[in-house]
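We count residues from 1, following the sequence as given. The analysis underlying the following values was restricted to heavy atoms, covering all of them including side chains, and did not include hydrogens, waters or symmetry mates.
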Amino acid sequence: MKKIILIVLTFLFTVVCVAGNGLTFNLAENQKAENTYSFNLAGSSSFHIIVAKNRDSRDYDVIPFFSDSSGNVIKMAQTSVTDKPDFTAAHIYNGAITAISQGKGELLVIDYNIMNGSISHKKIDGFDEAVATFFDDNRTLILHEVPKGDDLVLQIIKNGSEITTIPVPLDKETATEYYGMMRMGSDVINTQEYVKNSSLKPTRIYLEDNSIIIANDDKVNHTTKALIIDSKTGKARFMQYEVYKENYKQLSSFISGNRLFAMNSNKKALTINIFAIATGEKQASFSLREELSMYMGGKDIDKYLNSIHKSDMKPTLTVNRFGNNYSLRVDAVDINTYYYYDWWFFHNFMWQQQMMMQQQQQMMQNHIRNMNIYRGPSQDIYNVPYFVLPAEEDLSFTIPLDGNLKLMEQGSDSNTDYHYVDKQEKTKQFSENKSIKNFSACFGAESISYIYMDKKSDVFTIDRIDY
């Protein structure tokens, strides 16, 4: 499939006029910009969309742009839709770029045929808000609740004509567990990038091979619960893992390689237990005071445990892969300032909210620091995505494990499959630029690809910056 995608992308830039590195674009006089969207595609390429209100037709014009791995950008044929779209995914399949919009009880799939330039639409009515959306090189998976009843539905979209709908029936007990987990708040975890700290919400949703896993940490009962949904059959089963028996203050877990990594900690101890997702079997266990102390870079264990368990701190555990091996990252974040966001759905609305709130945040920070009475920011003012106050000290360290969960030499995990990208830092030049709006971006392995509009000239720029 990757070879086919490469051939398709090569064809696109041999039959269509290439715009060179980057492109500028003007809307027509009867068009008013509403939103922009940016998505990574296969082969280090990207896809950008302008949604504009057409003053004549009153419809919404969807104007797409494709950027190849070198940053060459072309404008593709535009189309129009009646309702304002909200794009949440895009991928390439069978010679077409497929863009997916969710909202107002319907699912909209638009296919842009790369070979002949044709466009086709597919609309699905009766579509409830998604529980989770995942997309990879050639498909998008959307899990959502049925309009009536307790069951779920999984839709696997390749293009507008190849949509597989898989019912996910839940028995009464499983449905009770599911709705209990979701009521506590959830985040979708994007494991197609380096995950630094992950989500602080009790419930997190992962895509692991052919399974969607909804996991919930219950530190009161020392368990992690998981609803495992087979994406091929729709079969759902509930699992519960006894992550530790003793009374630890904090619990943080992460799923990777079909394994559950659970970290329990308090001011006296920190342990990491690893379980097989499918069977619940405990496969390994490690203690900070024993095997893991050599990875701390000389940190004093007692001081470290006290630091990560201060009242405003939350210990975190994430797992990133390097080949068949695992890099476990232990850290802690300030619960008043940290906010997990995976950037898959980063578009204009969130950008505008961020710009306004960051200005308020900066003024408040300066005021507090000048008064020298900083005791942690107000939840109302600081609860904004992407913005994290600088840490006073680095509380992180990594633990490399091989595929058999054996400890490896310190530093052997320095070259993970995905490298950390500081998205806040990479977008700083845009967030601080008051002359632009309608900015969106996506982050590839080697560069950030973006689109924005100049406020004065109303000219859009689509380009990329290498890291």
Steps toward side-chain contact (heavy atoms from CB on, under 4.5 Å) verdict (Ser431, Gln424): CA-CA 9 Å; Ser431 63; Gln424 178 182 319; over 6 Å; no
Worked verdict on Phe261 versus Tyr326 for ring pair (Phe, Tyr, Trp, His ring centres under 6.0 Å): CA-CA 11 Å; Phe261 297 77; Tyr326 302 89; 5.3 Å; yes
side-chain contact (heavy atoms from CB on, under 4.5 Å) between Met239 and Ile277, intermediate numbers included: CA-CA 8 Å; Met239 292 287 291; Ile277 285 290; over 6 Å; no
Stepwise side-chain contact (heavy atoms from CB on, under 4.5 Å) check, Asn320 with Asp417: CA-CA 8 Å; Asn320 295 282; Asp417 294 347; over 6 Å; no
Evaluation steps, salt bridge (Lys or Arg N to Asp or Glu O under 4.0 Å), between Lys235 and Asp230: CA-CA 5 Å; Lys235 182 180 179 180; Asp230 188 316; over 6 Å; no
From CA spacing to verdict: side-chain contact (heavy atoms from CB on, under 4.5 Å), His91, Ile100: CA-CA 9 Å; His91 62 262; Ile100 298 167; 4.3 Å; yes
Pair Tyr304-Phe397, ring pair (Phe, Tyr, Trp, His ring centres under 6.0 Å): steps then yes or no: CA-CA 11 Å; Tyr304 180 80; Phe397 63 93; 5.7 Å; yes
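With hydrogens and angles ignored, the 3.5 Å screen pairs no side-chain donor or acceptor of Asp463 with any backbone N or O of Gly71. When atom types are taken as modelled, the side chain of Lys455 and the backbone of Lys437 share no donor-acceptor pair closer than 3.5 angstrom. Side-chain atoms of Ser307 come within 3.5 Å of backbone N or O of Lys303 as a donor-acceptor pair. The closest donor-acceptor contact from the side chain of Tyr206 to the backbone of Ser211 lies at 3.5 Å or more, if one exists at all. Checking side-chain atoms of Lys249 against main-chain N and O of His309 turns up a donor-acceptor pair under 3.5 Å. Judged by distance alone, with hydrogens and angles left aside, the side-chain atoms of Thr461 form no donor-acceptor pair with the main-chain N or O of Tyr452 at under 3.5 Å. Under a 3.5 Å cut-off, the side chain of Glu208 and the backbone N or O of Gly257 do form a donor-acceptor pair. The closest donor-acceptor contact from the side chain of Asn404 to the backbone of Lys406 lies at 3.5 Å or more, if one exists at all. A donor-acceptor pair under 3.5 Å is absent between the side-chain atoms of Arg139 and the main chain of Tyr93, judged by distance alone. Judged by distance alone, the side chain of Ser186 and the main-chain N or O of Met182 form no donor-acceptor pair under 3.5 Å.
Between Phe87 and Ile110, the closest side-chain pair of non-hydrogen atoms falls below 4.5 Å. At a threshold of 4.5 Å between non-hydrogen side-chain atoms, the residues Leu143 and Ile214 count as touching. Contact annotation: the side chain of Val188 never approaches that of Leu207 to less than 4.5 Å [non-hydrogen atoms, C-beta and beyond]. Between Leu107 and Ile157 there is a side-chain heavy-atom pair separated by less than 4.5 Å. Pro400 has its side chain out of reach of Asn325: every pair of non-hydrogen atoms, C-beta onward, lies at least 4.5 Å apart. Inter-residue side-chain proximity for Thr140 and Val109 is flagged as unmet; no heavy-atom pair is nearer than 4.5 Å. Taking 4.5 Å as the limit, every side-chain heavy atom of Thr191 sits out of range of all side-chain heavy atoms of Ser256. Looking at heavy atoms from C-beta onward, Leu141 lies in side-chain contact with Ser231 at the 4.5 angstrom threshold.
Shown here are the side chain to side chain contact (heavy atoms under 4.5 Å, CB included) partners of Ser396, two or more places apart in sequence or in another chain: Arg329, Asp331, Asp394. The side-chain hydrogen bond (donor to acceptor under 3.5 Å, both in side chains) check on Thr318 picks up nothing, with sequence neighbours excluded. Remark: Met313 engages Lys310, Ala332, Asp334, Leu395 in a side chain to side chain contact (heavy atoms under 4.5 Å, CB included) (not counting sequence neighbours). Remark: Ser252 pairs with no residue by the side-chain hydrogen bond (donor to acceptor under 3.5 Å, both in side chains) rule, at least two apart or across chains. Remark: Tyr418 pairs with Gln192, Tyr194 by the side chain to side chain contact (heavy atoms under 4.5 Å, CB included) rule, at least two apart or across chains.
Note on residues 266-285: pairs passing side chain to side chain donor-acceptor pair (under 3.5 Å), not counting sequence neighbours, are Arg259-Gln283, Asn273-Ser285.
The aromatic rings of Tyr241 and Phe275 sit tilted relative to each other, their planes meeting at an angle between 30° and 60°. A perpendicular orientation is assigned to the rings of Phe65 and Phe25, their planes being inclined by more than 60° (bins at 30° and 60°). Ring geometry, Tyr244 versus Tyr248: the interplanar angle exceeds 60°, so the pair is classed perpendicular (tilted spans 30 to 60°).
For Ser199 and Arg204, the side-chain atoms include no donor-acceptor pair closer than 3.5 Å. No donor-acceptor contact under 3.5 angstrom links the side chains of Ser69 and Ser44, judged on distance only. For Asn438 and Thr36, the side-chain atoms include no donor-acceptor pair closer than 3.5 Å.
Taking OG from Ser412 and CG from Leu401, the interatomic distance works out to 9.0 Å, rounded to the nearest 0.5 Å. Rounding to the nearest 0.5 Å places OG of Ser46 at 10.0 Å from CD1 of Ile462. A distance of 8.5 Å separates OG1 of Thr427 from CG of Asp422, quoted to the nearest 0.5 Å. Here the OG-NE2 distance, from Ser449 to His48, works out to 4.5 Å after rounding to the nearest 0.5 Å. Here the CG-CD1 distance, from Leu328 to Ile274, works out to 6.0 Å after rounding to the nearest 0.5 Å. Note that CD1 of Ile74 is 9.5 Å distant from CG of Leu23, once rounded to the nearest 0.5 Å.
With a 6.0 Å radius and a threshold of 12 heavy atoms from other residues, nucleotides or ligands, Asn324 has its CG atom at or below the threshold. The environment of CD in Gln240 is crowded: more than 12 heavy-atom neighbours from other residues, nucleotides or ligands sit within 6.0 Å.
Judged by the 6.0 Å distance and 45° axis criteria, Lys314 is not positioned over the aromatic ring of Tyr338.
Partner of Phe47 under the ring-ring contact (aromatic ring centres under 6.0 Å, His included) criterion, out of Phe66, Tyr112, Tyr37: Tyr112 alone.
Closest approach of His144 to Glu129, counting heavy atoms only: CB-O, 3.6 Å. Of all non-hydrogen atoms in Pro315 and Gln250, the two that sit nearest each other are CD-CG, 3.6 Å.
Salt bridge absent: Lys84 and Asp86 never bring a charged side-chain N and a carboxylate O closer than 4.0 Å. No salt bridge links Asp217 with Lys201; every basic N to acidic carboxylate O contact stays at or beyond 4.0 Å.
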